[in-house]
Amino acid sequence: MNVYQASSAFLEDPKSGVRAKATRVSYRCDLIRLDQSRDVDSFTEEELLEIIFAPLVKGPRKGQRPADGTLYSRRSCFESFFSYCQFRGWVKDDPSRHLKRFIPGKGKPVIQNNWLTHDEVEKVLSHVDMDTLDGPRDNVFLRLGFTAGLRISELANLRWSDVNFDRREMTLVGKGEKLATVSVSRNTFGYLVDWH
């Protein structure tokens, strides 16, 4: 069976799992990259990698390597297509089964964090007016944020019953609605006791 016949069957068969119209359109664009007259059982992993990494042919990035999202999309398409072809008995060995080794899943770029320096933290804390009614509270919340890494929502939901004064710990509901126990630094704990 050639690629044209196999891809037509793949995109129309509900058993292929390609149900969304947008996915079918995207897959059709990626499958056109394969030689339509070739037998589906004649492709190798190396050929698929060449097709996936083929430079862009139009747009502002013409001639450049495709973006990671494009590589992932092409890989997903070929994995689905050749897996379906193997399911139907049109290919003996799926040439796309190990493509994940070369093209990992969609990854998020590493976020560059701009951490405050010790001097910057001290500068923030020095602006808290401890003579006001809210000063001690603000001081403790800022220190808990800096030293224990608590989020604003976690700080806002804290209650005195969450604090274990004997063990210098707090129990709170953290990210993902998970219960977490957090140690309080000695310096911050002193301010917490004074405020209490």
Side-chain angles (χ1 to χ4, degrees), residues 1-117 120-121 145-155 172-180 182:
M1 172 156 309
N2 66 29
V3 171
Y4 177 78
Q5 295 165 323
S7 59
S8 296
F10 167 69
L11 293 171
E12 299 304 322
D13 189 350
K15 292 179 186 169
S16 68
V18 184
R19 291 183 177 82
K21 183 178 179 183
T23 306
R24 281 200 304 274
V25 169
S26 173
Y27 277 17
R28 184 170 280 121
C29 290
D30 288 333
L31 291 171
I32 286 174
R33 297 176 182 285
L34 301 173
D35 183 348
Q36 300 294 299
S37 61
R38 274 183 66 180
D39 191 304
V40 289
D41 201 23
S42 66
F43 288 90
T44 64
E45 181 180 83
E46 291 77 23
E47 288 175 308
L48 293 181
L49 285 170
E50 279 182 33
I51 294 167
I52 290 171
F53 282 98
L56 299 171
V57 293
K58 60 182 178 180
R61 297 186 60 233
K62 182 178 179 180
Q64 295 181 17
R65 174 188 180 273
D68 290 343
T70 302
L71 297 176
Y72 174 79
S73 174
R74 290 176 182 176
R75 185 201 88 191
S76 297
C77 171
F78 292 157
E79 284 175 337
S80 296
F81 174 65
F82 284 101
S83 174
Y84 175 80
C85 289
Q86 189 174 31
F87 161 72
R88 295 294 303 261
W90 301 332
V91 296
K92 294 178 194 82
D93 292 320
D94 180 354
S96 69
R97 72 179 171 277
H98 297 300
L99 292 178
K100 286 182 182 172
R101 292 182 297 183
F102 307 99
I103 307 158
K106 282 186 183 176
K108 294 182 181 176
V110 176
I111 297 170
Q112 286 294 97
N113 293 305
N114 297 315
W115 304 107
L116 294 178
T117 65
E120 291 170 332
V121 170
F146 289 137
T147 62
L150 298 185
R151 295 173 178 80
I152 293 171
S153 61
E154 294 166 345
L155 290 168
L172 52 101
V173 177
K175 187 176 179 181
E177 301 297 317
K178 295 179 183 171
L179 199 60
V182 179

Taking the side chain as everything from C-beta on, heavy atoms only, tell me whether Leu56 gets closer than 4.5 Å to Pro66. yes
Check side-chain contact (heavy atoms from CB on, under 4.5 Å) between Ser153 and all other residues, then give those that pass, not counting sequence neighbours. Arg151
Can you tell me how far apart CD1 (Ile103) and CD1 (Ile52) are? Round to the nearest 0.5 Å. 4.0 Å
So, using salt bridge (charged side-chain N to carboxylate O under 4.0 Å, His left out) as the criterion, who are the partners of Arg61 when residues are at least two apart? none
Go through the structure and list residues passing side-chain hydrogen bond (donor to acceptor under 3.5 Å, both in side chains) with Glu45, not counting sequence neighbours. Arg101
Which residues pass the side-chain contact (heavy atoms from CB on, under 4.5 Å) test with Glu50, sequence neighbours left out? none
Residue pairs fulfilling salt bridge (charged side-chain N to carboxylate O under 4.0 Å, His left out) with at least one residue in residues 13-24, sequence neighbours excluded: Asp13-Arg88
Pairing residues for Cys85 by the side-chain contact (heavy atoms from CB on, under 4.5 Å) criterion, not counting sequence neighbours: Ala6, Val40, Phe81, Trp90, Val91
Excluding sequence neighbours, so at least two apart, what forms side-chain contact (heavy atoms from CB on, under 4.5 Å) with Glu120? Leu116, Thr117
Counting neighbours of CD1 on Ile152 that are heavy atoms of other residues, nucleotides or ligands and sit closer than 6.0 Å, is the number greater than 12? no
Intermediate values then yes/no, side chain to side chain contact (heavy atoms under 4.5 Å, CB included), Leu11 and Ser16: CA-CA 7 Å; Leu11 293 171; Ser16 68; over 6 Å; no
Do any pairs count as a ring pair (Phe, Tyr, Trp, His ring centres under 6.0 Å) and have a residue in residues 20-62, sequence neighbours left out, and if so which ones? Phe43-Phe82
Return the CD1 to CD1 distance between Ile51 and Ile32, rounded to the nearest 0.5 Å. 13.0 Å
Mind checking what makes salt bridge (charged side-chain N to carboxylate O under 4.0 Å, His left out) contact with Arg97, not counting sequence neighbours? none
Only counting residues at least two apart or in another chain, list the ones meeting side-chain hydrogen bond (donor to acceptor under 3.5 Å, both in side chains) with Ser96. Asp94
Verdict with reasoning, Val182 to Leu172, per side chain to side chain contact (heavy atoms under 4.5 Å, CB included): CA-CA 8 Å; Val182 179; Leu172 52 101; 4.0 Å; yes
Which side-chain hydrogen bond (donor to acceptor under 3.5 Å, both in side chains) pairs, counting each pair once, include a residue from residues 32-42, with sequence neighbours left out? Asp35-Ser37, Arg38-Ser42, Arg38-Glu47, Asp41-Lys92
